[in-house]
Amino acid sequence: MVDLHTQYEAIKSDIDAGIQEVLDTCTFIKGGKVNDFQKHLEEYLGVRHVIPVGNGTDALLIAMMGLGLKPGDEVITPTFTFIATAEIVALLGLTPVVVDVEEETFNISPEAVRKAITPRTKAIVPVHLFGQNANMQEILAIAKEHNLYVVEDACQSIGAEYTFSDGRKLKSGCIGNIGCTSFFPSKNLGCYGDGGAIFTNDDELAAKMRVIANHGMAIRYHHDYIGVNSRLDSIQAAVLDVKLKHLNDYIARRQKAAAYYTEAFRNNPNIVTPTWDDSHTTHVFHQYTLKLKNVDRDNLKDKLAEKGIPAMIYYPIPLHLQKAYQDPRYKAGDFPAAEKLVRCVLSLPMHTELDEEQLKYITECVNELTA
Ligand SMILES: *Cc1c(COP(=O)(O)O)cnc(C)c1O
């Protein structure tokens, strides 16, 4: 699904030099490289604060802790997503309220959010799934109306741009109160281990979350909050600082591969290719995900594997039907769009190193097997 090796080969000398610098200085935790990367990412995103942390799941956890949410507070999250979003809500004893997504974009439905609001609702967590921003204009309007926080899960959408109707543009993860991202190796900006970051324009919240990420400790051995230990290490920051310079190029390469796929499937009646509202959002294609019609999806996946083409099902089970998240409030049939998507989605290889020969082979095989 990804080709991290070819990507590394192209930037090897810069990456190796960055890592060597960390080894030479032995500042493995905090220090120069982490500060440099933080500053460069703040500039790239146009956001006041980037708080580097250990991974994307911790970013979400620390965001919720920073907001001071309490057990019983309700947090609205889409049912078609990666589990981390709901996991941290459950771990903190908050009440996850799951809602359906839009079939066209895979993203949280603002209409469904509106219907799910109760007097206990405190936050909305839109997930910018597969690399396009959720309908943030509507979500911010709902949040304002009901005095709710918005925490964006931007783990798959770093670099995507959102345009409001008045022409104002913001980067994904920098639109709500807090944004969270992951630097897991296969993410659009990936390191060589685990990493993540929190974004916010709120000075007070930033200071609090920085402290929470460091054992709740602003002054050494003085603990103001119950915190966690979650850090981006200097070696990962060195890798990320090099790769950040290439992020726009990496995004362009993903978009080019996506355009090739879409063109190749244009006349295939059994395939629905990704759509997004380009007057409001760009798409950075963390995944290129098809919706299949009249095709045995699992059989297609096996047949592609026989031809050496990986394909993945993101995601096979919606949140409300996961064993660990069984809840008497929800049952099969409650969220028809998500329940339809889990049966028909298939993601094709998507990364920065796909060449025309590979794309031609993949699309010819897919067209042949779905004819
Ligand atoms: C990857 C991902 C996460 C978690 O990131 P980690 O760094 O693996 O903890 C959370 N949400 C979404 C949507 C993701 O894709």
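As the structure lists them, so they are numbered: ligands from 1, and atoms in each ligand from 1.
Remark: the T370 side chain and the N268 side chain contain an N/O donor-acceptor pair separated by less than 3.5 Å. Under 3.5 Å, the side chains of H40 and D241 contain a donor-acceptor pair of N or O atoms. Judged purely by distance below 3.5 Å, without hydrogens or angles, the side chains of Y288 and T262 pair a donor atom with an acceptor atom. Side-chain contact check for E87 and T57: no donor-acceptor pair (N or O, by modelled atom type) lies under 3.5 Å.
Using modelled atom types, no side-chain atom of D194 and backbone atom of N55 make a donor-acceptor pair closer than 3.5 Å.
Polar contact check, T81 against ligand 1: no nitrogen or oxygen pair lies under 3.5 Å apart. Taking distance alone, with nitrogen or oxygen atoms compared against 3.5 Å, F82 stays at or beyond that limit from ligand 1. Of the N or O atoms in T85, none lie within a sub-3.5 Å distance of an N or O in ligand 1.
Heavy atoms of V127 found under 4.0 angstrom from ligand 1 belong exclusively to the side chain. At a heavy-atom cutoff of 4.0 Å, ligand 1 is contacted by the side chain of D153 but not by its backbone. Residue contacts with ligand 1 for K187 involve side-chain atoms from C-beta outward but no N, CA, C or O (heavy atoms, distance under 4.0 Å).
Looking only at protein heavy atoms, the nearest one to atom 15 (O) of ligand 1 is Q156 NE2, 2.8 Å. For atom 9 (O) of ligand 1, the closest heavy atom belonging to the protein is T57 OG1, 2.5 Å.
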Under 3.5 Å, which donor-acceptor pairs link side chains of residues 7-18 to any protein atom two or more places apart or in another chain?
from, atom 1, to, atom 2, distance (Å)
Q7, OE1, K243, NZ, 2.9
Q7, NE2, T352, OG1, 3.1
Y8, OH, D16, OD1, 2.7
Y8, OH, D16, OD2, 3.3
K12, NZ, D16, OD2, 2.8

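In this structure, H320 and Y330 have perpendicular ring planes: the angle between them is above 60°, well past the 30° mark.
Within the structure, the closest approach of D194 to ligand 1 does not fall below 4.0 Å when heavy atoms are considered.
For ligand 1, the atoms lying closer than 4.0 Å to a non-hydrogen atom of N55 are 7 (O), 9 (O). If you number the atoms of ligand 1 from 1 as listed, the ones under 4.0 Å from a heavy atom of A84 come out as 10 (C). Atom numbering of ligand 1 starts at 1 in the shown order; those under 4.0 Å from a heavy atom of S182 are 5 (O), 6 (P), 7 (O).
Remark: K307 fails to qualify as a cation-pi partner of Y361 under the 6.0 Å distance and 45° angle criteria applied to the six-membered ring.
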